[in-house]
Protein chains: 2
Amino acid sequence: MVKAGTSKAGTKGVARPERERQIVDIAGRVFAEHGYAGTSLTAVAEQAGISKPLIYNYFGSKEGLFAACLTCAGEVLVEVIERTARLGLVGQQRAVVTLDQFYAALEPRPWMWRVFRDPTMPATPEIAAQHDQYARRMHAVGVEGVRELLHLAGNDDPLDASAMTAVWVNVFDALVTWWIDHPGESRASMTARTIRLSGAVFGPMETAPPVGPAFD
Amino acid sequence: MVKAGTSKAGTKGVARPERERQIVDIAGRVFAEHGYAGTSLTAVAEQAGISKPLIYNYFGSKEGLFAACLTCAGEVLVEVIERTARLGLVGQQRAVVTLDQFYAALEPRPWMWRVFRDPTMPATPEIAAQHDQYARRMHAVGVEGVRELLHLAGNDDPLDASAMTAVWVNVFDALVTWWIDHPGESRASMTARTIRLSGAVFGPMETAPPVGPAFD
DNA sequence: AGTAAGTGACTTCTGGGTAAGTTACCATGG
DNA sequence: CCATGGTAACTTACCCAGAAGTCACTTACT
């Protein structure tokens with residue numbers, strides 16, 4: 001033994017699963033703020049109050065840590081969008097309710113959205129495949145709604161539907177990002193704002209949408 | 001002298017201003033693809049067919065090179081948006097014409113948009129101030145148009161206008177990014193698509209917009 | 001000859017990743 | 001109730017590739 005008592009090694013009584021959740025949450029925040037490429041694991045470890053090797057112990061690599069964050073984000077976001085789609089709403093109502101559900105899901109962890117859309121995420125096949133899987137499922141739901149809208153306007157061009165879906169996703173992005181930049185706003189006030197803006201653009205809705213808790 | 005004739009040093013007959021433009025153009029492309037944080041100047045130099053010290057000679061640092069790209073992008077984009085605003089169009093027409101002008105401006109250098117919105121750009125005060133300056137001017141123009149739209153709907157909330165502007169900017173972003181991802185599309189086909197989508201969402205326009213060359 | 005354009009070969013430092021060890025918890029057997 | 005060893009949680013101190021940044025030098029044009 002060397003100078004017993006001076007070393008700070010040794011368990012702190014935190015079990016692995018809890019510590020992993022903790023690290024993913026911190027890392028997600030840092031990834032969201034600086035992007036994958038701009039993030040150093042030293043900084044993450046510092047923020048999390050632990051040492052770098054522990055991260056490697058649990059996640060294997062920087063990419064592995066990002067993959068964990070991506071899985072966390074992807075699962076939540078896909079779940080929300082697919083569940084909301086099953087409500088069977090259409091048009092403006094569908095849009096507003098989906099946004100409201102997103103706000104609810106992102107309220108505790110706003111970093112999820114940024115991580116999912118990080119343009120600097122690693123370009124490896126593993127990450128790409130993982131991201132693609134979630135993106136496809138979300139895109140499929142989005143395209144379905146968009147195609148219906150375009151069809152009503154007499155447009156069945158698949159490229160138009162693709163572009164329109166991109167627009168729609170970015171509208172989400174704008175509102176979520178705006179929300180992150182205005183931390184004073186609650187989920188409720190964001191949803192109210194969404195309804196006002198939607199009304200200003202498309203005209204007011206006939207019936208109030210069934211906005212409620214995240215899980216009905 | 002050491003082994004005269006084997007060295008590859010010496011001018012290649014390219015004047016500094018031209019070489020600078022060249023480097024900015026290449027660097028812009030690389031920054032756009034990998035983000036500032038993910039880009040190495042060695043790679044840029046390689047792509048440009050020159051050596052790294054020349055970049056440092058002309059731009060001082062990696063940040064300086066990025067600043068040059070940002071200036072280039074910011075000037076062009078602000079000029080487009082302010083000039084288009086002066087046309088005095090409103091509503092749907094204004095939106096479509098602005099987008100068309102953006103497509104025209106970005107056709108030769110699509111990287112400008114990505115560089116301007118790079119989330120990994122250096123967080124130094126200099127860069128932040130520079131970016132802010134351009135962003136403010138663009139936002140101001142956007143907010144002006146948006147406020148009018150909202151006012152017509154009886155909404156004068158400044159926060160609503162701010163959020164709506166963010167949405168509007170991201171709609172741009174979506175279409176430009178979609179375009180970058182679909183290199184087969186020309187500016188003309190993008191504008192046509194924009195008009196179709198705008199019509200599907202807001203209803204067809206009464207009068208055709210005056211879409212023309214970048215400079216009238 | 002003077003200067004602008006240009007480079008090879010360095011130094012330095014950051015950040016991903018690792019080896020080897022330290023400490024606390026927890027089961028057992030006495 | 002206490003020693004004792006096994007394991008899981010943790011750290012310090014390091015390696016090393018690659019990228020930022022620099023220096024001394026060379027070549028071509030005028």
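Lettering follows sequence order; numbering is per chain, from 1. Small disclaimer: the values here were computed from a predicted structure and weren't measured.
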Exercise for review: Send over the distance from Leu41(A) CG to dG15(C) P, rounded to a whole Å.
Suggested key: 10 Å

**Study point:** Contacts of type side-chain hydrogen bond (donor to acceptor under 3.5 Å, both in side chains), residue Gln133(B), not counting sequence neighbours
**Key:** none

Check your understanding: To the nearest Å, how far apart are His34(B) NE2 and dA19(D) C1'?
Key -> 15 Å

Practice item. With DNA chain D as reference, determine whether Thr39(B) or Gly10(B) sits nearer its 5' end, using the nearest nucleotide of each. Key: Thr39(B)

Check your understanding: If you measure only the distance, is there a donor-acceptor pair under 3.5 Å linking the side chains of Gln101(B) and Thr84(B)?
Key -> no

Exercise for review: For the residue pair Asn57(A) and Arg16(A), confirm or rule out a side-chain donor-acceptor distance under 3.5 Å.
Suggested key: no

Point to revise | Ile180(A) CD1 to Trp111(A) CH2 distance, which is reported to the nearest 0.5 Å | key: 11.5 Å

Review point. Under 4.0 Å between a side-chain N or O of Arg16(B) and OP1 or OP2 of dG6(C)?
Key: no

Review point. On the ring face of Tyr56(B), is Lys62(B) found with NZ or CZ under 6.0 Å from the centre and within 45° of the axis?
Key: no

Exercise for review: Rounded to the nearest angstrom, tell me the gap between atom NZ in Lys12(A) and atom P in dT22(C).
Suggested key: 18 Å

Practice item. Could you identify which residues of residues 51-69 of chain B place a heavy atom less than 4.0 Å from some atom of DNA chain C, listed by residue number, or say none? Key: Ser51(B), Pro53(B), Leu54(B), Tyr58(B)

Revision key, fill the gap. Separation of dA8(D) atom P from Glu18(A) atom CD, nearest Å, is 18 Å

Exercise for review: Name the orientation class of the two ring planes belonging to Phe172(B) and Trp168(B) (parallel below 30°, tilted from 30 to 60°, perpendicular beyond 60°).
Suggested key: perpendicular

